[in-house]
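Working notes for the structure below.
We count residues from 1, following the sequence as given.
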Amino acid sequence: MTTTSTRSGKPLHFPGSLILDATSVIAPPAPDELARIAEEVAAEGLMLFTKRLVDGARKRRFDDRWRLVNRSRLELARLCIERALVEQF
């Protein structure tokens with residue numbers, strides 16, 4: 001689980017829950033949820049959160065249970081990088 005702070009200072013965990021489907025694969029959040037999460041991350045933690053998302057996907061890259069969550073992690077990392085490019089650079 002990857003953790004950071006929101007703009008309001010509350011902890012934010014990704015993925016928020018480990019819901020399993022019928023084949024024991026961990027279900028990722030919906031794509032529109034990823035955009036909401038990317039907007040909630042505190043600006044000062046944006047790049048570190050992105051690094052943690054990529055590291056988490058790398059660590060579990062061969063685990064089929066995490067395949068869909070890894071894809072969501074990388075998509076969320078992309079959204080965070082896009083936000084950082086707009087806001088910070």
Exercise. In terms of side-chain geometry, is the basic nitrogen of Arg71 or Glu75 positioned less than 4.0 Å from the acidic oxygen of its partner?
Worked result: no
Problem set entry | Test side chain to side chain contact (heavy atoms under 4.5 Å, CB included) applied to Leu68 and Val25, step by step | CA-CA 8 Å; Leu68 296 174; Val25 172; 4.1 Å; yes
Exercise. Do the non-hydrogen side-chain atoms of Ser72 and Pro15 ever get within less than 4.5 Å of each other?
Worked result: no
For this session: For residues Arg83 and Ala38, report the shortest heavy-atom separation together with the two atoms involved.
Result: NH1-O, 2.7 Å
Problem set entry | Nearest atoms (heavy-atom pairs only) where Ala42 meets Thr6 | CB-O, 3.5 Å
Exercise. With side chains defined as the heavy atoms from C-beta onward, is the minimum distance between Phe49 and Thr3 less than 4.5 Å?
Worked result: no
Exercise. Would you say Leu79 and Leu34 make side-chain contact, with heavy atoms under 4.5 Å?
Worked result: yes
For this session: Would you mind reporting whether Arg61 and Trp66 have side-chain heavy atoms less than 4.5 Å apart?
Result: no
For this session: Please check if Ile81 and Leu74 belong to a single hydrophobic cluster, counting links between Ile, Leu, Val, Met, Phe, Trp and Tyr side chain heavy atoms closer than 4.5 Å.
Result: no
For this session: Flag the pair Lys59 and Asp55 as a salt bridge only when some basic side-chain nitrogen lies within less than 4.0 angstrom of an acidic carboxylate oxygen.
Result: no
Problem set entry | Over all atoms of both residues, closest heavy-atom pair of Cys80 and Thr50 | CB-OG1, 3.2 Å
Exercise. Taking the side chain as C-beta and beyond, is there a heavy-atom pair between Thr4 and Leu48 under 4.5 Å?
Worked result: no
Exercise. Between the side chain of Arg60 and the main-chain N/O of Asn70, is any donor-acceptor distance below 3.5 Å?
Worked result: no
For this session: Kindly check if the number of other-residue, nucleotide or ligand heavy atoms within 6.0 Å of CZ (Arg67) is above 12?
Result: no
Exercise. Which pair of non-hydrogen atoms, one from Leu53 and one from Arg73, has the smallest distance, and what is that distance?
Worked result: O-CD, 3.5 Å
Seminar exercise, completed: Correct closest heavy-atom pair for Arg52 and Thr2 would be CB-CG2, 3.5 Å
Exercise. Under a 4.5 Å cut-off applied to non-hydrogen side-chain atoms, are Leu12 and Ser5 in contact?
Worked result: no
Exercise. Do other residues, nucleotides or ligands put more than 12 heavy atoms under 6.0 Å from Arg7 CZ?
Worked result: yes
